[in-house]
Amino acid sequence: LTPPSDRDPLGEPVPVPELAPVEPDPFGADRWAQVETALPAAGDAVRLSRLLATARAKDPDLPQLVALRVVHADDPIEPGVFGIIRPTLLWPRSVSARLTDAQIESILAHELCHVRRRDNLFSAVHAAVQVLFWFHPLAWWLEQALAAAAEHACDEAAVRTTGAREAYAQSLLDMAQLVSRRGRRVA
């Protein structure tokens, strides 16, 4: 074997390839800091976007190409992700006012884990199986077992990703209080 050289087999110099410049991440946390200074009145949406970018940056397994839409809800409901092809985060406005940044970041890490694991796709596949085998008790048991396993996996990932065990636990308690005060059941 011959060591690599700056000449090709015919003795001609090998040109140095020009690499394309690396573009900064248009959705990075630094971009949201710029937006906050430019639009201080944007408030909740800018804060949520900045925390979402921070949560995404902490999870290297999350595909960065997944565009996550955020839809704000006025009802006091739990945050959640719906949609299979184009995931959408349903975010209640009352949550942002009551939780700290660390708590919101841990909830976002949990919801991003559902996107990464494609839990909504597996739930849809299971729903199709359940329609076919509606009469079988195992199909009904499996629905609850899959949902519980997905929640436990995302809880563990949120704590591992953010490192904020207490903040995540407190956010779960605060969410349960907020939703149960309005007469809704917590999932």
Side-chain angles (χ1 to χ4, degrees), residues 24-83 87-120 122-123 144-187:
D25 181 13
F27 301 107
D30 56 333
R31 177 61 57 112
W32 295 113
Q34 294 171 357
V35 171
E36 266 187 334
T37 57
L39 300 170
D44 188 38
V46 173
R47 177 181 176 214
L48 185 61
S49 297
R50 179 178 46 82
L51 292 172
L52 184 59
T54 304
R56 287 182 79 134
K58 288 184 178 181
D59 190 355
D61 296 330
L62 184 70
Q64 294 298 317
L65 298 177
V66 173
L68 186 67
R69 273 190 314 182
V70 178
V71 175
H72 293 277
D74 291 328
D75 290 339
I77 57 173
E78 296 177 68
V81 175
F82 64 92
T88 302
L89 174 65
L90 184 61
W91 189 262
R93 293 181 197 279
S94 56
V95 170
S96 297
R98 289 186 169 82
L99 300 181
T100 66
D101 285 356
Q103 290 174 322
I104 292 173
E105 188 178 318
S106 62
I107 290 174
L108 291 172
H110 174 95
E111 297 305 330
L112 289 172
C113 179
H114 283 299
V115 173
R116 178 174 33 101
R117 290 173 33 93
R118 294 176 176 79
D119 286 337
N120 289 348
F122 289 114
S123 293
Q144 292 179 355
L146 288 174
E151 289 303 318
H152 288 298
C154 291
D155 288 341
E156 289 176 10
V159 170
R160 185 179 61 249
T161 301
T162 62
R165 181 182 307 250
E166 292 82 14
Y168 185 59
Q170 189 61 48
S171 68
L172 293 177
L173 291 173
D174 291 346
M175 285 303 307
Q177 275 185 333
L178 177 68
V179 173
S180 65
R181 271 190 214 146
R182 307 290 183 169
R184 303 227 173 145
R185 188 173 156 257
V186 179

So Asp119 and Cys154, do their side chains get closer than 4.5 Å, heavy atoms only? yes

How many angstroms lie between atom CD of Glu111 and atom CD1 of Ile107, to the nearest 0.5 angstrom? 8.0 Å

Atom pair CD/CZ of Glu156 and Arg165 - distance to nearest 0.5 Å: 9.5 Å

To check you understand the geometry: which heavy-atom pair defines the closest contact between Arg117 and Ala153, and what is its length? NH1-CB, 3.6 Å

Do you know the tightest heavy-atom contact between Ala73 and Leu90? CB-CD1, 3.9 Å

Could you walk me through whether Tyr168 and Thr161 satisfy the side chain to side chain contact (heavy atoms under 4.5 Å, CB included) test, starting with their C-alpha distance in whole Å, then the side-chain angles of each, then the deciding distance to 0.1 Å, before giving a yes or no? CA-CA 11 Å; Tyr168 185 59; Thr161 301; over 6 Å; no

What distance do Ile77 atom CD1 and Met175 atom CE have between them, rounded to the nearest 0.5 Å? 8.5 Å

If I take atom CG from residue Leu89 and atom CG from residue Leu112, how far apart are they, to the nearest 0.5 angstrom? 7.5 Å

Under the 3.5 angstrom rule, does the side chain of Ser106 hit a backbone N or O of Gln103 as a donor-acceptor pair? yes

Just wondering, do Ser94 and Leu178 contact through their side chains at under 4.5 Å, heavy atoms? yes

Measuring from atom CZ of Phe82 to atom CZ of Arg69, what distance do you get when rounded to the nearest 0.5 angstrom? 6.5 Å

Spatial distance of atom CG (Leu108) from atom OG1 (Thr162) [nearest 0.5 Å]: 10.5 Å

What are the two closest heavy atoms between Asp75 and Pro92, and how far apart are they? O-CB, 3.6 Å

Of all heavy-atom pairs linking Asn120 and Gly83, the shortest is ND2-O, 3.1 Å

